[in-house]
Amino acid sequence: MRLIFLGPPGAGKGTQAKLLTERYGIPQLSTGDMLRSAVAQQTEVGQRAKAVMDAGQLVSDEIVNEIVSDRIDAPDCAKGFILDGYPRTVPQAIALDRMLDDKGLKLDAVIELKVDEAALVRRMENRVAETVAAGGTVRSDDNPEAFRRRLEEYRAKTAPLSQHYASTGQLKTVDGMADVDAVTAEIERVLA
Ligand code: AP5
């Protein structure tokens with residue numbers, strides 16, 4: 001099973017991808033997590049990405065395309081994978097199509113989570129509160145200014161992907177406003 005999760009920041013892509021990894025026994029490939037790990041390890045990619053991520057902007061297509069292409073080749077992706085947060089621009093989607101073709105792989109579905117914008121801000125605020133309460137480190141892009149920018153980037157560059165995948169017949173839209181378990185059940189239903 002090879003899936004893509006599409007949706008704005010806070011839509012629940014990461015939450016649902018994690019739940020489905022257990023269900024299908026395939027890894028979650030979160031470009032956000034991979035980039036945050038590169039930043040923490042101060043790799044060359046991490047150093048290039050940090051300021052862009054902190055500002056809520058998108059990292060260059062070239063960087064993320066290369067990260068994803070390498071990651072898909074890892075042995076744990078042999079049975080499939082869930083892309084969480086990639087592709088995020090039309091050029092990334094075109095690069096992914098080419099990448100999968102070159103590797104002889106096919107995408108099974110693109111799941112888009114639809115969520116009201118007002119709920120997204122509340123979810124980000126909840127995540128910050130929960131992280132602080134647990135003594136963790138708050139994401140450097142989980143603040144009002146960076147979040148506003150992340151939403152703008154989504155509207156301008158990522159939202160057009162719905163049309164892209166609708167035209168290939170791979171898009172499945174799910175209501176992301178329901179509670180977590182109900183969203184998971186709906187995703188499983190559309191994949192069945
Ligand atoms: P990334 O880490 O991908 O962040 P994001 O897309 O902004 O998404 P989030 O992680 O905030 O939200 P999510 O949809 O995963 O929701 P979650 O499940 O966490 O990217 C960060 C940055 O990295 C980007 O801004 C960019 O700079 C860079 N980047 C990454 N990929 C890139 C790419 N391909 N190209 C270029 N740059 C890239 O849920 C959010 C909260 O809501 C949680 O607290 C959760 O518990 C809660 N929640 C989830 N579901 C529900 C529900 N149904 N009801 C109530 N609460 C819920």
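Counting convention: from 1, in listed order, for ligands and their atoms alike.
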Electrostatic pair [X]:[Y] at N-O distance under 4.0 angstrom:
X	Y	value
Lys106	Asp97	no
Glu145	Arg149	no
Arg189	Glu186	yes
Arg155	Glu117	yes
Asp33	Arg36	yes
Glu112	Lys172	no
Arg122	Glu125	no
Arg139	Asp54	no

Give the residue and atom name of whichever protein heavy atom lies nearest to [atom], and the separation in Å to one decimal.
atom	answer
atom 19 (O) of ligand 1	Arg127 NH1, 2.7 Å
atom 35 (N) of ligand 1	Gln92 NE2, 2.9 Å
atom 16 (O) of ligand 1	Gly12 N, 3.1 Å
atom 15 (O) of ligand 1	Gly14 N, 2.9 Å
atom 17 (P) of ligand 1	Thr15 OG1, 3.6 Å

Using a 4.0 Å heavy-atom threshold (strictly under), name the region of [X] that reaches ligand 1: side chain, backbone, both or neither.
X	result
Pro8	backbone
Asp141	side chain
Arg139	side chain
Val59	both

Point to revise | Heteroatom proximity flag, Gly85 to ligand 1, N/O under 3.5 Å | key: yes

Practice item. Using a cut-off of 6.0 Å, state whether more than 12 heavy atoms not belonging to Lys103 lie near its atom NZ. Key: yes

Where the closest heavy atom to [atom] is concerned, which of [options] has it?
atom	options	value
atom 14 (O) of ligand 1	Gln28, Lys13, Lys18	Lys13
atom 29 (N) of ligand 1	Val183, Leu35, Leu19, Thr31	Leu35
atom 20 (O) of ligand 1	Arg88, Glu125, Met177, Arg150	Arg88
atom 2 (O) of ligand 1	Arg36, Gln57, Arg123, Arg122	Arg36
atom 53 (N) of ligand 1	Ala178, Ala11, Gly10	Ala178

Study note, to complete from the structure: Arg150 and Asp141 have their tightest heavy-atom pair at NH1-O, 2.7 Å

Practice item. Would you name the heavy atoms of Asp142 and Met124 that are closest together and state the gap between them? Key: OD1-CG, 3.4 Å

4.0 Å heavy-atom contact, [X] with ligand 1:
X	value
Val64	yes
Val180	yes
Gly176	yes

Check your understanding: Of all the atoms in ligand 1, which lie at a distance below 4.0 Å from a heavy atom belonging to Tyr86?
Key -> 34 (N)

Exercise for review: Using a strict cut-off of 4.0 Å, indicate which atoms of ligand 1 neighbour a heavy atom of Met53.
Suggested key: 22 (C), 23 (O), 27 (O)

In residues 6-15, what donor-acceptor pairs under 3.5 Å come from side-chain atoms, sequence neighbours left out?
| residue | atom | partner | partner atom | Å |
| --- | --- | --- | --- | --- |
| Lys13 | NZ | Gly7 | O | 3.1 |
| Lys13 | NZ | Pro8 | O | 3.1 |

